[in-house]
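Notes to accompany the following structure.
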Amino acid sequence: MQPSIKLFVETAFGFISSFGFGLLTNIPRRALIPAGLTGAASWLAYCIFGLYSQHIVWQNLIATIVIGYLGNVFAQKYQTPVTMIYIPSLVSLVPGGMAAMGMKNLTLGSHQAGSEIISVLLIATALAVGFIVGEILFKLTFPKR
């Protein structure tokens, strides 16, 4: 598959996954499209930054900054709590599979367990820092709203 088509398909699935998770978690209808767009934009940022950096922590940081910024923009525009956009948009970035494999390897006594668990902790930290940076960028861009 060509890189541009692959990027388009992955972005579309980023929208679908965020939109679908928003439906499952029963967020307000007015927040579904903004949550989907935020999820698609964050996954696009994740993929594009992945072309330049192979380190997953930096990819997650950049993608979460996009969520933090766009989530605030859409929350203000559509008069909805920002968490209604954050949570569905974040679902594709959470390292749940990696955490499960790390715990499995830990219980089996594998040597990989330590590095996997540290990676999960670093990604979780990057997600938290990304939200903070996104909020700060929003406050700097739109002061006193």
Side-chain angles (χ1 to χ4, degrees), residues 1-106 112-145:
M1 189 181 291
Q2 290 181 341
S4 59
I5 294 173
K6 181 181 179 202
L7 195 61
F8 176 77
V9 169
E10 287 188 11
T11 304
F13 276 104
F15 177 87
I16 292 167
S17 68
S18 297
F19 187 90
F21 194 77
L23 281 173
L24 287 174
T25 56
N26 202 23
I27 66 171
R29 297 274 183 218
R30 68 181 180 272
L32 285 172
I33 298 292
L37 291 174
T38 304
S42 71
W43 191 254
L44 181 64
Y46 180 89
C47 291
I48 289 174
F49 197 74
L51 298 173
Y52 301 105
S53 170
Q54 294 300 316
H55 206 290
I56 194 169
V57 174
W58 291 108
Q59 290 174 266
N60 277 286
L61 177 69
I62 298 299
T64 311
I65 290 171
V66 170
I67 293 173
Y69 185 80
L70 286 180
N72 279 291
V73 169
F74 284 135
Q76 193 167 61
K77 183 175 179 175
Y78 291 96
Q79 297 296 308
T80 186
V82 72
T83 55
M84 297 296 154
I85 296 173
Y86 276 0
I87 294 170
S89 302
L90 184 66
V91 81
S92 58
L93 299 175
V94 173
M98 189 183 298
M101 290 303 294
M103 287 296 124
K104 176 186 151 202
N105 287 334
L106 183 67
Q112 285 180 283
S115 65
E116 288 174 339
I117 292 172
I118 288 173
S119 292
V120 169
L121 292 173
L122 287 173
I123 291 169
T125 303
L127 296 177
V129 170
F131 279 127
I132 293 168
V133 172
E135 292 264 348
I136 290 170
L137 290 175
F138 176 76
K139 301 272 189 216
L140 291 173
T141 308
F142 300 103
K144 296 281 183 179
R145 286 266 206 179

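Only this structure's heavy atoms are used, side chains among them; waters, hydrogens and symmetry mates stay out. Along the sequence shown, the residues carry numbers beginning at 1.
- At distances below 3.5 Å, not a single donor-acceptor pair connects side-chain atoms of Asn26 with backbone N or O atoms of Gly22.
- For Thr83, the side-chain contact (heavy atoms from CB on, under 4.5 Å) partners are Pro81, Ile87, not counting sequence neighbours.
- With contacts defined as side-chain heavy-atom distances shorter than 4.5 Å, the pair Ile123/Leu61 does not qualify.
- Applying side chain to side chain contact (heavy atoms under 4.5 Å, CB included) to Trp43 and the options Leu93, Ile67, Leu7 leaves one that passes, Leu93.
- Separation of atoms CD (Gln112) and NZ (Lys104) is listed at 9.5 Å; rounding is to 0.5 Å.
- Taking the ring-ring contact (aromatic ring centres under 6.0 Å, His included) definition, one finds that Phe19 meets it with Phe15, sequence neighbours left out.
- Pairing each heavy atom of Ala113 with each of Gly102, the nearest pair is CB-O, 3.8 Å.
- Listed by chain and residue number, Ile117 satisfy the side-chain contact (heavy atoms from CB on, under 4.5 Å) test with Leu121 (two or more places apart in sequence, or in another chain).
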Verdict with reasoning, Met98 to Ile56, per side-chain contact (heavy atoms from CB on, under 4.5 Å): CA-CA 12 Å; Met98 189 183 298; Ile56 194 169; 4.2 Å; yes
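- Lys77 has its side chain out of reach of Pro34: every pair of non-hydrogen atoms, C-beta onward, lies at least 4.5 Å apart.
- With sequence neighbours excluded, the residues forming a side-chain contact (heavy atoms from CB on, under 4.5 Å) with Thr25 are Phe21, Ile27, listed by chain and number.
- Two residues are said to be in side-chain contact when any heavy atoms from C-beta on lie closer than 4.5 Å; Tyr69 and Glu135 fail this criterion.
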Test log, rule side-chain contact (heavy atoms from CB on, under 4.5 Å), inputs Gln76 and Phe138: CA-CA 11 Å; Gln76 193 167 61; Phe138 176 76; 3.6 Å; yes
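- Heavy atoms only, all atoms of each residue included: Thr80 and Pro28 are closest at OG1-CG, 4.2 Å.
- With sequence neighbours excluded, the residues forming a side-chain contact (heavy atoms from CB on, under 4.5 Å) with Ile132 are Ile136, listed by chain and number.
- A 6.0 Å sphere centred on CZ of Phe49 holds more than 12 heavy atoms belonging to other residues, nucleotides or ligands.
- Distance check: Thr38 OG1 to Leu90 CG gives 11.5 Å after rounding to the nearest 0.5 Å.
- Looking at every heavy atom in both residues, Arg30 comes nearest to Gln79 through NH2-O, 3.1 Å.
- The structure places OG1 of Thr11 at 11.5 Å from CG of Leu37, a figure rounded to the nearest 0.5 Å.
- Taking the ring-ring contact (aromatic ring centres under 6.0 Å, His included) definition, one finds that Tyr86 meets it with Phe131, sequence neighbours left out.
- A distance-only check finds a donor-acceptor pair linking the side chain of Ser17 to the backbone of Gly14 [under 3.5 Å].
- Scanning all heavy atoms of the two residues, the minimum distance from Ser89 to Ala35 falls at OG-O, 3.1 Å.
- Between the CG atom in Asn60 and the OG1 atom in Thr125 there is a gap of 11.0 Å [rounded to 0.5 Å].
- Taking the side chain as every heavy atom from C-beta outward, Arg29 and Leu23 approach each other to under 4.5 Å.
- Within the model, atoms OH of Tyr52 and CD1 of Ile62 stand 13.0 Å from one another, a figure rounded to the nearest 0.5 Å.
- Side-chain contact between Val73 and Phe142: present, with at least one pair of heavy atoms (C-beta onward) separated by less than 4.5 Å.
- To the nearest 0.5 Å, atom CD of residue Glu10 and atom OG of residue Ser92 are 10.5 Å apart.
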